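One structure is given below, encoded as structure tokens.
These figures come from a predicted structure and were not determined experimentally.
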Amino acid sequence: EVIVLRRFLFSCNCALRISDLQELDKSMFSNNEMSITPRKTSGYGTKITSVPLNDVARLMLDDEIADNPGFRVFDRYKDQSSNRLLKRIANKSGLHINLHHHVARYTFASLMDQAGANHTGLMKYMGLRKRETLEKYVKTNNKVIAGDIEKMNRMIERPPEQEKA
């Protein structure tokens, strides 16, 4: 369960599909950056090159490499058994959701959106070609919208000396 959860948390922090997790090897990581050719969209020429990993992804990767010193990383469980273990983890944790690896891509996109990420950059990071696809992943809530309105209010505020003129 720890191995599968680490894999899932890595994906939550770098948006990799389960098929891409299965193909990872150490050569795809250098200087805290990742470069891969996503399996699903490789026919379109999609490449994700030299994208930085955040601190959590680097921590999960370092732990995986320490536990699994071979050339491949995150390859110890196959797709179906990994998703079954995630469902068991969710159950044990009292989470009433259908937890599976693809949830990680939604999590990554939503967290990046909440952090104020540029959507064009986010699409490139995730290996997406269409904005409509990104919109399926990004889950915006009222808190995010309220925060954006507040940013807009701050942006259009005039300094007190301009109001008197």
Side-chain angles (χ1 to χ4, degrees), residues 1-130 133-141 144:
E1 289 177 358
V2 170
I3 295 166
V4 170
L5 187 57
R6 180 188 303 142
R7 181 184 191 191
F8 176 74
L9 291 174
F10 177 78
S11 187
C12 284
N13 286 278
C14 67
L16 290 182
R17 292 178 185 92
I18 194 167
S19 58
D20 297 326
L21 287 168
Q22 202 67 35
E23 302 295 322
L24 291 180
D25 64 55
K26 291 177 185 174
S27 71
M28 297 173 177
F29 302 96
S30 177
N31 299 323
N32 295 321
E33 294 181 342
M34 172 179 66
S35 296
I36 68 161
T37 300
R39 178 189 244 183
K40 184 176 179 179
T41 56
S42 63
Y44 299 114
T46 305
K47 292 186 186 303
I48 300 172
T49 55
S50 300
V51 294
L53 294 173
N54 72 21
D55 292 345
V56 174
R58 286 195 324 254
L59 178 67
M60 297 298 114
L61 179 63
D62 290 346
D63 284 354
E64 174 65 12
I65 290 171
D67 283 354
N68 184 18
F71 184 66
R72 307 281 279 190
V73 291
F74 297 112
D75 69 337
R76 292 183 278 173
Y77 281 90
K78 298 296 179 201
D79 302 352
Q80 290 179 350
S81 59
S82 183
N83 279 326
R84 277 194 300 272
L85 281 169
L86 280 176
K87 290 176 189 339
R88 188 165 76 192
I89 291 166
N91 221 7
K92 284 182 174 182
S93 302
L95 299 173
H96 303 288
I97 62 169
N98 182 17
L99 192 60
H100 50 86
H101 274 285
H102 207 71
V103 169
R105 282 179 68 80
Y106 288 92
T107 300
F108 179 83
S110 296
L111 290 174
M112 288 291 284
D113 182 58
Q114 290 176 25
N118 173 288
H119 280 191
T120 303
L122 182 54
M123 288 173 59
K124 182 177 178 177
Y125 195 109
M126 293 181 70
L128 303 174
R129 296 178 38 213
K130 298 179 185 175
T133 306
L134 178 65
E135 290 172 4
K136 291 177 184 176
Y137 282 109
V138 172
K139 302 299 180 198
T140 302
N141 58 42
V144 172

Next on the checklist: Has K139 got a side-chain atom pairing as donor or acceptor with A109's backbone, closer than 3.5 angstrom?
Outcome noted: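 No.
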Next on the checklist: Donor-acceptor pair, distance only, cut-off 3.5 Å: does the side chain of D25 make one with the backbone of S27?
Outcome noted: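 Judged by distance alone, yes, a pair lies under 3.5 Å.
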Next on the checklist: So if I apply the ring pair (Phe, Tyr, Trp, His ring centres under 6.0 Å) rule between F108 and each of Y125, F10, Y137, which one comes out positive?
Outcome noted: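 It is Y125; the other options fail the test.
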Just wondering, do [Y] and [X] contact through their side chains at under 4.5 Å, heavy atoms?
X: L24; Y: D75; result: no
X: F74; Y: L16; result: no
X: L53; Y: N13; result: no
X: R88; Y: L85; result: yes
X: F8; Y: L99; result: yes
X: L5; Y: L9; result: yes

Enclosure of [X] [atom1] (heavy-atom neighbours >12, cutoff 6.0 Å):
X: N118; atom1: CG; answer: yes
X: K136; atom1: NZ; answer: no
X: Q80; atom1: CD; answer: no

Checklist entry - Judged by modelled atom types alone, do S82 and H101 share a side-chain donor-acceptor pair under 3.5 Å? => result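 S82 vs H101: donor-acceptor pair found between side chains.
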Item to check | Between N83 and H102, a side-chain donor and acceptor under 3.5 Å | outcome: no
Working to the nearest 0.5 angstrom, can you tell me the gap between [X] [atom1] and [Y] [atom2]?
X: S11; Y: D20; atom1: OG; atom2: CG; result: 9.0 Å
X: D63; Y: R7; atom1: CG; atom2: CZ; result: 16.0 Å
X: M123; Y: T133; atom1: CE; atom2: OG1; result: 7.0 Å
X: K124; Y: R129; atom1: NZ; atom2: CZ; result: 15.0 Å
X: N54; Y: N32; atom1: CG; atom2: CG; result: 10.5 Å
X: M28; Y: L61; atom1: CE; atom2: CG; result: 12.0 Å

Item to check | Verdict with supporting geometry, M112 and M126, side chain to side chain contact (heavy atoms under 4.5 Å, CB included) | outcome: CA-CA 11 Å; M112 288 291 284; M126 293 181 70; over 6 Å; no
Next on the checklist: Tell me the closest heavy-atom pair linking M34 and I36, and the distance in Å.
Outcome noted: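 Looking at all heavy atoms of both residues, the shortest contact is CG-CG2, 3.9 Å.
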Item to check | Heavy-atom closest contact (E1 atom, I89 atom, distance) | outcome: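 E1 and I89 have their closest heavy atoms at O-CD1, 3.6 Å.
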Residues that [X] engages under salt bridge (Lys or Arg N to Asp or Glu O under 4.0 Å), provided they are two or more places apart:
X: R72; value: E23
X: K130; value: none
X: R6; value: E64, D67

